[in-house]
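Input: a single structure, listed below in structure tokens.
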Amino acid sequence: MNCPRCHLEISRSADQCASCGFNSHSLCQKLGDHWVRLDRLTDPSNCLRLHDRRKLEARLDDFERRFPQVFFAVYIGVLPVGFSVSEVGFWLLNHAAFGTHDISKRNEFGIVLAIDPSASTAAFSLGYALESVESSLQLPTLLNSISPKLKRGDFGRAVEISIRTVDKRLRSVGTSRQREARVSASHAVSSDLGLVPLKSSARTALVEREPSPYRMDP
Amino acid sequence: MNSRRGALTFLVAGYLTLPTSPLAGSEIDKVLPLPQWQPPPGAVTTEALPPGTLIGSPLIPDALLTEDDLQDISSKLQSSPPSIAEEIESAPKQEIDLSLFLPDSLLGKTALVGTETPPTPTNLLLPLGPAFLEVCRKSPKDVDLIDPDSHVSETQREDLVRFLDFHNRDAKISACVVVTDRDQIIPEGVDLSQFASGMVKERDSCLVVYPLGEPWRARLFLSNTVHEKAGADYLQSLIEDCASDAREVTDPLEQLHRFTVRLSIRLFWLEKVTHSHAPTLAATPIPPLSADFAETREAALRAAIQHSDTSHGTTVDFLTFWKWVIVGISASIVGLAILTLAWGYRRRQMRHRVWTLPEVEVPARLGGTFSGGGGAFLKYR
């Protein structure tokens, strides 16, 4: 494992980086420890064309359909000075609720691709559950393969290749089984029993009520 | 605009009052009139003529007409125009015999098989005259039919000339025919090589002296180069064959035609003999067929068929090559179709399959609840 800030190797159970002292607490002091809501494709710098966004949305739908546990999120934005894409990816996986179709996906199975077009940097961040297959994903090789696309500014194509490659490599290490037929929410929920479907807004409200040692109340 | 019109009117009025204006000129004409044309004395003017009078011809002006040119044709003119149907009905009926102008072959008439004229006795044969021989000597080389006495009719002459011209165009041994009367003979001591301006000496050619009506007395003269290569027996058989073919009919002109055709065929055969590698074949007679001819022929045919089978191997290999090409292309198309179907099946199957990853317990790292910094970083520029 490498430190998100100085990229030096750290031990598997270290609470902070021995070289730079980085940890989640030091990052929350700058970015905050509150939860944020984020879409799967977040592009504040408008680097993606509409056609690319639609294509990537379809790709991500297929990815999430094939991997019920895993989700893939993309963040393309100009970061403030002093922050690297690795730090942002680390912070997002620990403090963001991504708008996937299946909200039961846990962030431990999340993959975040963060790109800073201004600093010309890109980073993959993995949840704890995917660290066991990190060697199979070959993320450094994948970043090198999409580097030409990123240099040309073809971010849509670079993200598409990343999704397709991660999809292929996860299929090689995952266990295949027949998809179970899902029962629609309207059949499963009956207002007579007092059950309310778990929607995204309800999930956010529940998350926000969780106590956090890092929240800085005003 | 009004001032301009006024100025223009003033100028025109002023011009007309000038002595040189057209109006002033008419006054001069009254003093000195122009000469008037008067008809010559004796001429007849057309105004006083009654209608229907033929007035000379369209080329002669009326002013030059005299009384002799006038013709009263009113009595000759019919009250109504003539009718063509009446003329046809009143015309005397005549039978036109086209057979006088067309040859018998076009009219579908078969040659008359009449009694054959008896041959002229030898003592009654007359030698060719000096004038005849002179015409034959001076005849140009490109003239294929020499007929000084015009024994051949014009239509037959044209046919024969065309045929001989066609033969001489393609054959290596050209032919020239001299037509004589049935009771004429070549006199002794006549040098036939001088006929047709020495054609026989200059190139491979054949000169035939043909008495019209007696094909068996036709005489054949060949160039030395041809005569040396062909045997005497062969040449004898050639002339006999032509004569016998001509004697199939009795009409002299028809005999000449058949003789010429047969001669052309035999000259082509002779050409193969004289211009081939084995010219001596013509000298040797054709041997009779042996008793075991049929067996030897079958053996030779069998051997030839076996040889052709082996020689056709190259053709078979050529077809085999293209057969394999077609097989390869078909197999490629079939394989492509199978791959496409398999790919489509796999896509359909993938839609109904999911992949799950193992749940692994990982201790927290760097204070992260869900992520401990795993991943990769790249600065691409």
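Naming convention: chains lettered A, B, ... in sequence-line order (proteins, then strands); numbering from 1 in each chain.
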Indicate the atoms forming the closest heavy-atom contact of A:L139 with B:A376, along with that distance. CB-CB, 3.7 Å

Residue pair A:I10 / B:L366: nearest heavy atoms and the distance that separates them: CD1-CD1, 3.6 Å

Leading residue by heavy atom contact count with chain B [cutoff under 4.5 Å; candidates A:R177, A:R65, A:E131, A:H7]: A:R177

Can you give me the closest heavy-atom contact between A:I115 and B:Y380, atom names plus distance? CG2-OH, 4.2 Å

So which part of A:S132 gets closer than 4.5 Å to some heavy atom of chain B, the side chain, the backbone, both or neither? side chain

If every non-hydrogen atom of B:S371 is compared with every non-hydrogen atom of A:F90, which pair is closest and at what distance? O-CE1, 3.2 Å

Contact winner vs chain B - A:L126, A:N94, A:D62, heavy-atom pairs under 4.5 Å: A:N94

Counting heavy-atom pairs under 4.5 Å to chain B, which of A:S120, A:S147, A:A14, A:G174 comes out on top? A:S120

Rounded to the nearest 0.5 angstrom, the CD-CD distance for B:E359 and A:Q69 is 5.5 Å

Only heavy atoms, only distances under 4.5 angstrom. Which residues in residues 327-336 of chain B are near chain A? none

From the list A:T175, A:L93, A:N23, the residue making the most non-hydrogen contacts under 4.5 Å with chain B is A:T175

For the candidates A:T121, A:D15, A:I111, which exhibits the highest count of non-hydrogen atom pairs separated by less than 4.5 Å from chain B? A:T121

Which heavy-atom pair separates B:R381 from A:K151 by the least distance, and what is that distance? NH2-O, 3.1 Å

